[in-house]
Amino acid sequence: MTGSIIRGIGAIDYATPEQILAHPAFPAARRIFVSETARVYEAGMFPGQFGADAGRVTTLAIIVCQHAGYEPADRATWPTLSYLKDTVARFGFASPRLIDSFVARLVQTGHLELRQQPEDNRVRLLCPTEHLLAWDRDWMAAHYAALEALYPEPGFGPPRQRDPAFQAAHARSAVAAFDAIIAMMWSNLEIIFFLSSTSALIILLSLFEMGGSEPDSRIREADLVQLAPRFAVSRSHVRNILAVAQERNFLVRSGPRNAYIRLTPHWIASFDRFIAGSLAQSDLTYRLALRHQAEQARSAA
């Protein structure tokens with residue numbers, strides 16, 4: 001572990017991306033990350049029945065964080081739509097219009113409720129339902145499953161067990177890590193398109209999981225097009241993702257009539273940096289949550 005200074009928190013130890021990449025169990029953690037992430041981003045699982053992208057995933061995380069940090073006496077913490085938009089804008093992945101449509105859809109699908117603020121009946125608060133909170137716990141468990149493959153002792157029991165008390169502590173304390181998370185997401189500019197385009201990253205991850213990085217890969221484009229309903233996108237969208245990946249040297253074609261597609265080492269390296277960064281931020285927010293829970297316990301004693 002290595003130390004880092006988090007504004008408003010101080011020094012805290014957590015695994016860095018470099019340490020995670022160098023870990024001998026990283027290939028196993030990568031496989032778990034791919035399979036677990038694919039599961040929570042599937043059309044039947046992802047809130048709102050949309051395809052997943054960085055803008056929507058970020059919006060969901062911030063809704064949960066702002067709900068956990070709500071203090072009725074402190075107007076600055078009220079989880080309003082404008083507060084959500086201002087915070088999501090810091091990440092750079094979702095426009096106000098996208099947030100409006102996504103929030104409306106979350107309300108329609110029972111993932112979100114608009115409640116009146118008791119101190120000001122003109123204000124509506126965004127309140128995640130248990131349906132959304134349960135998905136958020138699944139999302140956390142998916143990320144910590146991969147991290148636990150690297151560091152099984154003492155492991156990451158609370159998020160892996162989907163503990164609601166830990167979820168609340170994690171949501172309240174993760175706000176302090178937002179700057180570090182934003183820096184991580186934008187540090188790997190080569191994959192920004194695949195983060196921001198609906199289901200683009202998860203489709204390439206699925207190609208990887210299918211063996212698409214092997215030199216003798218015999219995967220065809222049609223094999224990926226069949227993933228469209230799984231991740232709530234059209235077949236033409238999948239083809240567009242593959243075309244952009246080829247333009248950026250993330251994918252090559254081979255065989256008769258270029259029928260076979262394969263991920264390049266260049267994409268694998270970029271992808272591995274993204275996974276390592278994601279897991280490092282998960283470890284950071286885990287440490288922040290444990291610290292928050294310890295402080296709460298001391299205050300209650």
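None of these values were measured; they are calculated from a predicted model. For this chain, numbers begin at 1 and follow the sequence in order.
- Side chain of W78 to main chain of Q117: no donor-acceptor pair is present (N/O by atom type, distance under 3.5 Å, no hydrogens or angles).
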| task | Please step through ring-ring contact (aromatic ring centres under 6.0 Å, His included) for the pair W139 and H143, ending with a clear verdict. | result | CA-CA 7 Å; W139 183 87; H143 282 71; 4.3 Å; yes

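- Residues L106 and Y70 fall into different hydrophobic clusters, defined by Ile, Leu, Val, Met, Phe, Trp and Tyr side chains chained together at heavy-atom separations under 4.5 Å.
- In this structure, H170 has its ring center at least 6.0 angstrom away from the ring center of Y286.
- Geometrically, R248 engages F193 in a cation-pi contact defined by less than 6.0 Å to the ring centre and at most 45° from the axis.
- When hydrophobic clusters are built by joining Ile, Leu, Val, Met, Phe, Trp and Tyr residues whose side-chain heavy atoms come closer than 4.5 Å, directly or via intermediates, Y151 is grouped together with F26.
- Judged by distance alone, the side chain of T16 and the main-chain N or O of Q19 form a donor-acceptor pair under 3.5 Å.
- Residues L242 and L251 meet the side-chain proximity criterion, which asks for heavy atoms closer than 4.5 Å.
- A cation-pi arrangement, defined by a distance under 6.0 Å to the six-membered ring centre and an angle within 45 degrees of its axis, is present between R56 and F50.
- In this structure, the side chain of S217 does not engage the main chain of R262 through any donor-acceptor pair within 3.5 Å.
- Separating the NE2 atom in H67 from the CG atom in L84 is a distance of 13.5 Å, to the nearest 0.5 Å.
- Taking R124 as the reference, nothing meets the salt bridge (charged side-chain N to carboxylate O under 4.0 Å, His left out) condition, with sequence neighbours excluded.
- Both the sub-6.0 Å distance and the 45° axial angle are not jointly satisfied by R287 relative to the ring of Y14.
- S197 contributes no side-chain N or O that, together with a main-chain N or O of F194, makes up a donor-acceptor pair within less than 3.5 Å.
- Without hydrogens or angle criteria, S282 side chain to Y144 main chain gives no donor-acceptor distance under 3.5 Å.
- With sequence neighbours left out, F178 forms a ring pair (Phe, Tyr, Trp, His ring centres under 6.0 Å) with F91.
- One finds the CD atom of Q281 at 5.5 Å from the CD1 atom of I181 (value rounded to the nearest 0.5 Å).
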